[in-house]
Amino acid sequence: MRRTVFNEDHEAFRETLRAFIEAEVVPVYDEWFAAGQAPRDFYYKLGELGIFGINVPEEFGGAGMDSHKFEAVLYEETARAGVQFGGSGVHVLLALPYIKMLATDEQKKRFLPKFVTGEEMWAIAMTEPGTGSDLAGMKTTAKLSEDGTYYVLNGAKTFITGGVHADKVIVCARTSAPTAEDRRHGISLFAVDTKSEGYSIGRKLDKLGLRTSDTAELAFVDVKVPVEDLLGEENKGFYYLGHNLASERWGIAFGAYAQAKAAVRFAKQYVQERTVFGKPVAHFQNTKFELAACQAEVDAAEAVADRATEALDAGELTPAEAASAKLFCTEVAHRVIDRCLQLHGGYGYMNEYPIARLYADNRVNRIYGGTSEIMKTIIAKDMGL
């Protein structure tokens, strides 16, 4: 079936991006993998390429687009090459929507020009030790000073992707206690400068997958945050978080589909080149059947991912639809990548082969952005169950 989600502009971007990845990422990716992060100066290259400014208004140095389709191309091309762009994904997919939705004109003038160039990298800090998906249970606090000029931030966050290299972090914190009627009440969002006194980076976490993205623990001890850096209204943070979860879950869904598609490509290439018992592995019926079944699943995931993309761009992607897309695409990717690794035999377990890294990278898709179990809960509620 012919895809209709992309036009000529997207395909031209794909060509540029593919050439960039081959020249700037593939030759050094093993070094990034060993180091456990991409180098900070790589983000300046992404800024020069225009990756960070696609959806930023022109007045702030961006391209002024209002579409996630270029991000979709990025997911497909990085997966195709078996690489990641470090922790930069949260900069665009997670942080930018909050800035665009909540920042005042004055804040946008301060934040967005440096966002576009990569001079200031952004991350978002929601999860806390011991709370997991229960964002309403967060304990980090932000108390307004007596003179009303700044908030005093105290607490800790974990699993913060991009946390090592970040220059600004959107921190979720309690400005009021939860009420008996609504435990989600009282959360606010702040744009916190990582150079602030009392702000510290803890461990750079040693992850199973996504090895080139820097993921860290953060701690705040009496960090002074100017009132000018409150994002949106006080105590409405949980509403803002829920509003943007649909786009976050779309990104995970599309990324998972792209990984599954890449896995089939890697496996197909491998079985055509690998010889056993005097014949290419691709010659055996089991190999053909396995790859055919995987391809059918990828086709289905592609249709779901494309439909979700169109709905997101139209502003019509509901939380339940986003949850459904995430659940389906991540489960498909799990099955497909596992079967494609099996076709590699023992070599599939070696990190020198992209399928092994893909297997590890993919596993978190069913956890972050809300676990598969949370997705089922959302879908069931939407069904009236």
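Sequence positions, counted from 1, serve as the residue numbers for this chain.
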*Find out whether Met375 and Arg249 are in side-chain contact, i.e. whether some heavy atom of one side chain is under 4.5 Å from a heavy atom of the other.*
yes
Q.
Determine whether a donor-acceptor pair (N or O, by modelled atom type, separation under 3.5 Å) exists between the side chain of Gln107 and the backbone of Thr104.
A. yes
Taking Asn154's backbone N and O only, do any of them form a donor-acceptor pair with Lys143's side chain (distance below 3.5 Å, no angle check)?
no
Glu48/Lys45 salt bridge by N-O under 4.0 Å criterion: no
In this structure, CG of Leu218 is separated from OG1 of Thr158 (nearest 0.5 Å) by 8.0 Å
* Looking only at atom types and distance, does a side-chain atom of Lys69 sit under 3.5 Å from a main-chain N or O of Val5, one as donor and one as acceptor? -> yes
- prompt: Among the clusters formed by ILVMFWY side chains lying less than 4.5 Å apart, do Ile170 and Val116 turn up in the same one?
  reply: yes
Handout entry: Pairwise side-chain contact, Leu46 with Phe20, heavy-atom cut-off 4.5 Å (strictly under)
Key = yes
Exercise for the section: Fit a plane to each ring of Phe6 and His10, take the angle between them on a 0 to 90° scale, and name the class: parallel (under 30°), tilted (30 to 60°) or perpendicular (over 60°). Expected result: perpendicular
State whether the side chain of Ser324 and the backbone N or O of Ala320 hold a donor-acceptor pair below 3.5 Å, judged by distance alone. no
**Message:** Strictly below 4.0 Å, N to O, side chains only: are Lys204 and Asp214 in salt-bridge contact?
**Reply:** no
Exercise for review: Decide side-chain contact (heavy atoms from CB on, under 4.5 Å) for Tyr347 and Tyr270; before the verdict, give the C-alpha distance in whole Å, the side-chain angles of both, and the deciding distance to 0.1 Å.
Suggested key: CA-CA 10 Å; Tyr347 289 103; Tyr270 179 81; 3.3 Å; yes
Worksheet item: What's the verdict on side-chain contact (heavy atoms from CB on, under 4.5 Å) for His344 and Tyr349, showing C-alpha distance, side-chain angles and the deciding distance?
Response: CA-CA 8 Å; His344 282 70; Tyr349 208 63; over 6 Å; no
Counting only heavy atoms not in Tyr75, do more than 12 sit closer than 6.0 Å to its OH atom? yes
Pairwise side-chain contact, Tyr151 with Thr175, heavy-atom cut-off 4.5 Å (strictly under): yes
TODO: Using the six-membered ring of Phe33, assess whether NZ or CZ of Arg357 lies under 6.0 Å from its centre and within 45 degrees of the ring axis.
DONE: yes
Is Glu15 salt-bridged to Arg18, going by a charged N under 4.0 Å from an acidic O? no
What one should report as the nearest heavy-atom pair of Tyr43 and Ala38 is OH-CB, 4.2 Å
- Derivation and outcome, salt bridge (charged side-chain N to carboxylate O under 4.0 Å, His left out), residues Lys109 and Glu106: CA-CA 5 Å; Lys109 290 177 182 178; Glu106 184 276 331; over 6 Å; no
inquiry  = Below 30° counts as parallel, above 60° as perpendicular, anything between as tilted: where do the rings of His243 and Tyr239 land?
reply    = tilted
Closest heavy-atom pair, Gln259 versus Asp361, reported as atoms and distance to 0.1 Å, is NE2-CB, 4.0 Å
Original post:
Any donor-acceptor pair under 3.5 Å linking the side chain of Ser188 with the backbone of Asn235?
Top reply: yes
Does Lys224 reach the main-chain N or O of Glu197 with its side chain, forming a donor-acceptor pair under 3.5 Å?
-> no
Can you confirm whether Thr117 sits close enough to Pro113 that some side-chain heavy atom of one is under 4.5 Å from a side-chain heavy atom of the other? no
Item to check | Pair Glu76, Tyr257: side-chain N/O donor-acceptor within cut-off below 3.5 Å | outcome: yes
Between Cys340 and Leu291, the two heavy atoms sitting closest are SG-CD2, 4.4 Å
Distance col, row Leu231:CG vs Tyr98:OH, nearest 0.5 angstrom, shows 10.5 Å
- prompt: Do we get Arg366 above Tyr368's six-membered ring, with its NZ or CZ under 6.0 Å from the centre and within 45° of the axis?
  reply: no
Flag the pair Val281 / Thr275 as yes when at least one side-chain heavy-atom distance between them is below 4.5 Å, and no otherwise. no
Original post:
Are side-chain heavy atoms of Arg174 and Lys139 found at a separation under 4.5 Å?
Top reply: no
Walk me through it: do Asp193 and Lys168 pass the test salt bridge (charged side-chain N to carboxylate O under 4.0 Å, His left out)? CA-CA 5 Å; Asp193 191 322; Lys168 299 279 190 182; 3.8 Å; yes
| request: For Asp222 and Leu153, indicate whether the former's side chain and the latter's backbone hold a donor-acceptor pair under 3.5 Å. | output: no
Nearest heavy-atom contact between Phe220 and Ala156 is CD1-N, 4.2 Å
Here the gap from Leu189 atom CG to Leu241 atom CG, rounded to the nearest 0.5 Å, amounts to 5.5 Å
Q) How about Asp182 and Phe238: do any of their side-chain heavy atoms sit closer than 4.5 Å? A) no
Parallel, tilted or perpendicular for Phe42 and Phe85, by the 30°/60° rule?
perpendicular
query = Within the distance-only criterion (no hydrogens, no angle test), does the side chain of Thr371 pair as donor or acceptor with the backbone N or O of Ile367 below 3.5 angstrom?
reply = no
Here the gap from Glu120 atom CD to Arg110 atom CZ, rounded to the nearest 0.5 Å, amounts to 9.5 Å
Those residues at least two apart in sequence (or on a different chain) that pass side-chain contact (heavy atoms from CB on, under 4.5 Å) with Met350 are Glu352, Tyr353
Salt bridge (charged side-chain N to carboxylate O under 4.0 Å, His left out) between Glu297 and Arg335, intermediate numbers included = CA-CA 9 Å; Glu297 290 219 74; Arg335 293 192 296 270; 2.6 Å; yes
**Prompt:** Among side-chain atoms of Asp167 and Thr194, is any donor-acceptor pair under 3.5 angstrom?
**Reply:** no
Q.
Could you go through Lys108 and Glu59, starting from their C-alpha distance and side-chain angles, then the distance that decides it, and tell me whether this counts as salt bridge (charged side-chain N to carboxylate O under 4.0 Å, His left out)?
A. CA-CA 10 Å; Lys108 289 177 181 178; Glu59 62 186 295; over 6 Å; no
ask   = Hey, does the side chain of Ser196 reach the backbone of Tyr199 with a donor-acceptor pair shorter than 3.5 angstrom?
value = no
Taken in chain and number order and not counting sequence neighbours, the residues that satisfy side-chain contact (heavy atoms from CB on, under 4.5 Å) with Thr161 are Val90, Ser213, Thr215
Donor-acceptor pair between Gln295 and Asp299 side chains, under 3.5 angstrom
yes
Margin query: Under a 4.0 Å threshold between the charged nitrogen and the carboxylate oxygen, would Glu217 count as salt-bridged to Lys157?
Written below: no
Item to complete: Decide ring pair (Phe, Tyr, Trp, His ring centres under 6.0 Å) for Phe111 and Trp122; before the verdict, give the C-alpha distance in whole Å, the side-chain angles of both, and the deciding distance to 0.1 Å.
Response: CA-CA 10 Å; Phe111 297 154; Trp122 287 66; 5.0 Å; yes
request  = Verify, without hydrogens or angle tests, whether Thr16 (side chain) and Ala12 (backbone) share a donor-acceptor contact under 3.5 angstrom.
outcome  = yes
For Gly155 and Thr140, the nearest pair of non-hydrogen atoms, with its separation, is CA-OG1, 3.6 Å
Between Met126 and Cys172, is there a side-chain heavy-atom distance shorter than 4.5 Å? yes
For Ile160 and Ala125, the nearest pair of non-hydrogen atoms, with its separation, is CD1-CA, 3.6 Å
So CG of Asp66 and NZ of Lys100: to nearest 0.5 Å the spacing works out to 5.5 Å
Report task. Give a yes or no on whether Arg339 atom CZ has more than 12 heavy-atom contacts from other residues, nucleotides or ligands under 6.0 Å away. Result -> yes
Exercise. Indicate, with yes or no, if Met65 and Phe13 share a hydrophobic cluster defined by side-chain heavy-atom contacts under 4.5 Å among Ile, Leu, Val, Met, Phe, Trp and Tyr.
Key: yes
Interatomic distance, CE@Met121 vs NE2@His91, rounded to 0.5 Å, equals 4.5 Å
